[in-house]
There are 4 protein chains.
Amino acid sequence: MTKGEETRQFIVERSAPIFNTKGIAATAMSDIMAATKLSKGSLYVHFENKEDLAAVVVDYNMQLLAEKVLDTVNSHTNAKDRLFAYFDFFLDSQHSPVVGGCPMMNFGTEADDTNELIRAKVNDVINSSQGIIRDIIEQGIRDGVFKADWNYKEFATVAFAMLEGGILIIRVAGHNAKMKIINKTLKEMVMQQLT
Amino acid sequence: MTKGEETRQFIVERSAPIFNTKGIAATAMSDIMAATKLSKGSLYVHFENKEDLAAVVVDYNMQLLAEKVLDTVNSHTNAKDRLFAYFDFFLDSQHSPVVGGCPMMNFGTEADDTNELIRAKVNDVINSSQGIIRDIIEQGIRDGVFKADWNYKEFATVAFAMLEGGILIIRVAGHNAKMKIINKTLKEMVMQQLT
Amino acid sequence: MTKGEETRQFIVERSAPIFNTKGIAATAMSDIMAATKLSKGSLYVHFENKEDLAAVVVDYNMQLLAEKVLDTVNSHTNAKDRLFAYFDFFLDSQHSPVVGGCPMMNFGTEADDTNELIRAKVNDVINSSQGIIRDIIEQGIRDGVFKADWNYKEFATVAFAMLEGGILIIRVAGHNAKMKIINKTLKEMVMQQLT
Amino acid sequence: MTKGEETRQFIVERSAPIFNTKGIAATAMSDIMAATKLSKGSLYVHFENKEDLAAVVVDYNMQLLAEKVLDTVNSHTNAKDRLFAYFDFFLDSQHSPVVGGCPMMNFGTEADDTNELIRAKVNDVINSSQGIIRDIIEQGIRDGVFKADWNYKEFATVAFAMLEGGILIIRVAGHNAKMKIINKTLKEMVMQQLT
DNA sequence: TATGAATGAGCCTTCATTCAT
DNA sequence: TATGAATGAAGGCTCATTCAT
């Protein structure tokens, strides 16, 4: 990594929690200056403009979340355990995975009507998130852990929606009581598909 | 209603879709000027500042959505029909109920970390939304439509989360394919509780 | 006094300390609204504009001060006592006579380069203030209290200047230590002219 | 001096007469823009806000006056001559030393009740101004020019007050007739203390 | 006489961006 | 690559004033 690439990456990492917390519109380049302690001019050496930086940061935030989820999931081998690990990951998402909440929801709601580029990025990640759930279940069916006739594609969508809805609730509530219910419900739905 | 109250209400109505679509931070008072064709000074006759206006508009948007949902629900008497009407209401929410998407999600995600007043407002409405679902089911149990041992309080939370997650998906996707799955799943869950 | 004249006078009285404390430029019509609890329109019924009101208030403040000084002076008959009462009046002027300090100095410094009308008003009162001192001394000479060859016209100017300079010092200092020195000095100068 | 420091100083110099003439409240940043021909944004590169600029300008104006007075005083060596030079300096102050009049009086009267920071600054300079007079006299006493028992500390205060009062009079009057009287009186008071 | 809604110019300040060094 | 001075449009807001009621 050249010096330039390093600085660029540094800017992205420092900007990520700010954009995710305040939103793109409410984040000023001066916020990035303060967080990186870089000069105004320096920022523009690495990014054409705020929109450019925001796009990279959106990717970074979503990727960071995906990596953390996968890390957790991959610490298990049994498909059921992997699925449960996925659900449990969001149990305390009020505080942990990425500062500022779920980037899909944050940037998705901000961009849906106003920023086609970011809207498309978020859509891709929403789809691949459901894909991850599907992949786990497919493996489970191949391993004989889950029933072969499970309509798991629909479940993947339902599970993803429930988790996102849960994230909204717990972030606005400030506690995760309702996410526990969602977690329990999802696990029960999975248990019914065990062979 | 005095002239002033009329103007104030007019400003709120014209501002509502703008705030809901662009977000609070990205909405400028000049946007409101353009939408209302009122002068800058006139806006400040009726609202102390942008934050004050935003707070009223957030309430208005959430209330508007709630009223539309209730109107739909109340066109039915049978608890099952009422519940199904609730779910169906969001089937095409990509376009209809309130311009710009679900205000609970839009303002909730924008405000969760940055605006305590609005966060609390959204939290109240999220809770009462689940309360509406609970009320319908309670009536259904009293009427003997639903099983008495249904853990309906948890279902209300699950249903709410699924619908919100679904709204995120369809707004980012630009189509409601996934909401159909959610709708179907919710209805199946209800059917299992019929007496 | 008609109702209108009463209201007009009421506005002036309530505005006086505000203008004298904050200055004309820094006083907003909304400050007057708050102080009088009158509506915006009502203010403009009684005064053409802010400048008009300010001019009347400047007069009022200076007249109020003059009256208070004269009241104090007139509680004595002997010329020396009258002069000393005049000097003593300003000993604690840090707090008392008119809220906000000496209006001649306040409005004089604000208006000297920018408001010809007010500048002229202040100039008149500055002159008549020295006239008051001259009048007292003339009476004292007639009464045989003061030496007939006293160059009292110059003394009147010197005394006035010293008092105004003293007011500046004590208002900026927040205490009247230096005014005591000025007071003592003035009295000594008078004592030398006693017959 | 870096480019930035140069510009900052340039802004201060151009702003100084404007603030001193119109007052802080009545001076708009657009006035500074016009006087410096700098852009609005550029002003805020060098000063956090108007208050910050005003504080620096107040210092600059008072320092400028002090320097000019000291230059005049220092062109003499004999204590009596130095004192007379000090008094003469203000004889034509209606036009000369600093555009807009005495900054101690201008900013002192504007700030006394409303701006603690500036009030304190002015107070410091008022005190050191009297200190200058005291220093001259102390030297004169050491040199045997003035009587050793002169209560010169009180005189310093009296002289300062008389000059400030005189400045008020001549600025409001538009001519310096009264300052001539004050000048003459001060010189006579000094003459009485010659050995 | 009194009200308060309406106005638009102007206020201070922040913004994203550019560019010479 | 990095700096920070410079820009000017745009931001939220306040101002003095007008006018229909």
Side-chain angles (χ1 to χ4, degrees), chain A residues 2-8 25-33 36-54, chain B residues 2-8 25-33 36-54, chain C residues 2-8 25-33 36-54, chain D residues 2-8 11 25-33 36-53:
Chain A
T2 69
K3 181 84 186 302
E5 283 166 344
E6 243 171 51
T7 305
R8 185 182 157 99
T27 297
M29 290 305 275
S30 60
D31 293 331
I32 310 304
M33 285 173 64
T36 58
K37 274 160 189 165
L38 286 169
S39 69
K40 197 144 268 197
S42 195
L43 259 32
Y44 280 89
V45 168
H46 297 286
F47 297 93
E48 256 192 30
N49 50 40
K50 179 179 155 178
E51 208 184 334
D52 182 16
L53 171 59
Chain B
T2 69
K3 182 85 185 302
E5 283 165 345
E6 243 170 53
T7 305
R8 187 181 155 99
T27 297
M29 291 306 276
S30 58
D31 293 332
I32 312 303
M33 286 171 67
T36 57
K37 271 158 190 167
L38 285 168
S39 68
K40 192 151 274 194
S42 196
L43 259 30
Y44 281 89
V45 167
H46 299 284
F47 297 92
E48 262 194 23
N49 49 42
K50 179 179 151 178
E51 206 183 335
D52 183 15
L53 171 58
Chain C
T2 67
K3 180 84 186 301
E5 283 166 344
E6 242 172 51
T7 305
R8 185 180 157 99
T27 297
M29 292 303 275
S30 60
D31 292 332
I32 311 305
M33 284 172 64
T36 57
K37 275 161 189 165
L38 285 170
S39 69
K40 195 141 270 196
S42 195
L43 260 30
Y44 280 90
V45 168
H46 298 284
F47 298 93
E48 256 190 31
N49 49 39
K50 179 179 155 179
E51 208 183 334
D52 183 15
L53 170 59
Chain D
T2 67
K3 181 89 186 298
E5 284 165 343
E6 243 171 53
T7 304
R8 187 180 156 99
I11 294 170
T27 297
M29 290 306 275
S30 59
D31 293 331
I32 311 303
M33 284 172 67
T36 57
K37 273 161 190 166
L38 283 168
S39 68
K40 193 149 273 195
S42 197
L43 261 29
Y44 281 89
V45 167
H46 299 284
F47 296 93
E48 262 192 22
N49 49 43
K50 179 179 154 180
E51 206 183 337
D52 182 17
L53 171 58

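Quick note on labels: first sequence line is chain A, next is B, and so on, each numbered from 1. Everything numeric here is computed off the predicted structure, so don't read it as measured data.
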[X] side-chain N/O to [N] phosphate OP1/OP2 under 4.0 Å:
X      : N       : result
T7(A)  : dT1(F)  : no
Y44(B) : dC13(F) : yes
H46(C) : dA2(E)  : yes
S30(B) : dA10(F) : no
S42(C) : dG4(E)  : no
K40(B) : dA6(E)  : no

Upstream residue (5' side of DNA chain E) when L43(C) and D31(D) are each assigned their closest nucleotide: L43(C)
Position toward the 5' end of DNA chain E (nearest nucleotide), G41(B) or N49(D): G41(B)
Out of dT7(F), dA2(F), dC11(E), whichever nucleotide has its closest atom nearest the side chain of A28(D): dC11(E)
Base paired to dC11(E) (Watson-Crick or G-U; both N/O distances under 3.5 angstrom): dG12(F)
Pair partner, dA20(E) [Watson-Crick or wobble, under 3.5 Å]: dT3(F)
Flag the pair [X] / [Y] as yes when at least one side-chain heavy-atom distance between them is below 4.5 Å, and no otherwise.
X      : Y      : value
I32(B) : L53(B) : yes
V45(D) : T7(D)  : no
N49(A) : M29(A) : no

Which is true for [X] with a 4.0 Å heavy-atom rule: it touches a base, it touches only sugar-phosphate, or it touches nothing?
X      : answer
T27(A) : sugar-phosphate
T2(C)  : nothing
K50(C) : sugar-phosphate

Heavy-atom pair of closest approach, residues R8(A) and F47(A): CG-CZ, 3.5 Å
Pairwise distance CD(E48(C)) to CG(L43(C)) - rounded to 0.5 angstrom: 13.5 Å
Inter-residue atom distance I11(D).CD1 - M33(D).CE, 0.5 Å rounding: 11.5 Å
To the nearest angstrom, how far is [X] atom [atom1] from [N] atom [atom2]?
X      : N       : atom1 : atom2 : result
R8(C)  : dA2(E)  : CZ    : P     : 13 Å
M33(A) : dA5(F)  : CE    : P     : 10 Å
L53(C) : dC15(F) : CG    : C1'   : 15 Å
K37(A) : dT3(F)  : NZ    : P     : 13 Å
M29(A) : dA9(F)  : CE    : P     : 20 Å
F47(A) : dA2(F)  : CZ    : C1'   : 15 Å
E6(B)  : dT21(F) : CD    : C1'   : 15 Å

Comparing A26(C) and K3(D) on DNA chain F - which has the more 5′ nearest nucleotide: K3(D)
